[in-house]
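All ligand and atom numbering here is 1-based and tracks the order in the structure.
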Amino acid sequence: QRSAAPHVALLPGSGMGHLTPFLRFAVSLTSRNIRVTIITPHSTVSLAESQTLSHFFSTFPSITQKQLRLLPVNEASVTLEDPFYAQYEAIRRSSHLLPPLLSLLSPPLSALVTDMSLASTVIPVTQALSLPNYILFTSSAKMLTLFVSFHSMVDSQATNDSDEIQIPGMRPIPKSWVPPSLLSDTYNLLKTQIVENGKKMIESDGILINTFQSIEHESLEALNDGKVVNGLPRVTAIGPFPSCDFERSRPLAWLDDQPEGSVVYVSFGSRTAMSREQIRELGDGLVRSGCGFLWLVKEKKVDWEDAAELGEVVGEEFIESVKGKGLVVKDWLNQEEIMAHQAVGGFLSHCGWNSLSEAMWHGVPVLAWPQHRDQKMNAYVVERIGLGMWAKDWDWGGGEMVVKGDEIGKRVGELMGNELHKVQAMRIREEARKAVGDGGSSMKGLIELIETWEK
Ligand code: BUP
């Protein structure tokens, strides 16, 4: 017997880029009178995740936390490949712990919402419990078209000699936009996970996505018309998720002293390891651009491994020489606060989808330099909607090519001087706010979803 207010459980994926949208979604559900339980895999991969979770649950005591204590994965072949993908493997191996955990939740659940990277692990569990399962896709709809169709091309298009990939119902895309590990002849964690999860998603009860109609209607229509995958459940755009109060904050007095729109913010997200050689060229480029900059430097994929002193990474002389003009940091910043700051006029970004959503929300133009995974698909969206420009001739992160400082400086200068992008970014900001406001397309999608759970 269900009580009046639906009770929904959320199971996020690993890494801040997957956790953040789940937490923002949880807050928006709670504000609409939905009871929310978040199942948090334990331990988390990064410190950022564990600190954010403890801050979140102390800020929102009405949201329940249930820990899923993961069985360890000991094989080096798995853990060394990528700790964030290895976490999905650990959750898969611990999935027998889910049925008792879910069945004991009270009041009984109306639905379980799961990260896309857990579809093949969780859907069999929810089917056995006759519990509706929804997938929250934390990237762009453009990426979703690849994610759900890749399994059908893995043994043909992905391995043939053509330079293009034909996603059904979409214009062909260059193969170079697809992460190299998906095109590899052998299976790796990312390739296995995308194939298995993309295939299984057809059996979910619905796919929710952190995007909005006016920027991605083409992909959303193709997905919902059955052109990409016949029989795919409904894809409902409910984004962009606005930020919430729980996010950890460190006020940046330095920004307050900078002229309006003069600073370029530089960050490659929470899980990009950049070589020291590339870091030094980037520093050189930022100086050459002649713009003020706020640069978040990361050298390692997982934050607790990133132990080297800032001066050692970028050079003590560099820090001294840019004083007043640029600020270089290594610790976690509240990115939302930075995007919202009047001094920030551009964003050199790896194109993690949350970072782009935040840029859209605040109307900040983007220079796209995708590094890994879904980021070229997301960079396509940046360029297509006129949010900014994409440095297409720069390699994926970690590739052989090191992008030189003069090239970086030139492109950053172009970004910061481009008036058209500024105007368009402000238009997108308005569209984003309209989408989640009363009567907006994403708000309608959310209300319909909640009504389904209330039945
Ligand atoms: Br780093 C960093 N502060 O210092 P993405 C990140 N963030 O608030 P990613 C901070 O983490 P995936 C910091 O605002 C965004 O919400 C940022 O997610 C926040 O990229 C989130 O942009 C990062 O999606 O994850 O971390 O590469 O590739 O999984 O999307």
Close N or O approach ([X], ligand 1; < 3.5 Å):
X: S267; result: no
X: T20; result: no
X: L333; result: yes
X: R373; result: yes

Just going by heavy-atom distances, which of [options] is nearest to [atom]?
atom: atom 5 (P) of ligand 1; options: D374, N354, T272; answer: N354
atom: atom 15 (C) of ligand 1; options: H18, Q371, E358; answer: E358
atom: atom 9 (P) of ligand 1; options: M16, H372, H350; answer: H350
atom: atom 25 (O) of ligand 1; options: G17, G352, A359; answer: G17
atom: atom 26 (O) of ligand 1; options: G15, G269, S270; answer: S270

For this session: Working to the nearest 0.5 Å, report the span between CZ of F25 and CG of L10.
Result: 6.5 Å
Seminar exercise, completed: In this structure, OG of S14 is separated from CG of L118 (nearest 0.5 Å) by 8.0 Å
Problem set entry | Atoms of ligand 1, numbered as shown, that sit under 4.0 Å from any heavy atom of R271 | 27 (O), 29 (O)
Problem set entry | Distance filter under 4.0 Å to W353 heavy atoms, resulting ligand 1 atoms | 24 (O)
Seminar exercise, completed: Quick note, salt bridge (Lys or Arg N to Asp or Glu O under 4.0 Å) partners involving residues 260-280, not counting sequence neighbours, are R276-E299, R276-E312
Problem set entry | Residues which pass side chain to side chain donor-acceptor pair (under 3.5 Å) with K200, listed by chain and number, not counting sequence neighbours | E203
Exercise. If you measure only the distance, is there a donor-acceptor pair under 3.5 Å linking the side chains of W394 and E407?
Worked result: yes
Exercise. Are T114 and N133 close enough that a side-chain donor and a side-chain acceptor fall under 3.5 Å?
Worked result: yes
For this session: Return yes when atom NZ of K66 has more than 12 non-hydrogen atoms of other residues, nucleotides or ligands closer than 6.0 Å, and no otherwise.
Result: no
For this session: Anything under 30° is parallel, anything over 60° is perpendicular, the rest tilted; go ahead and classify Y380 against W177.
Result: tilted
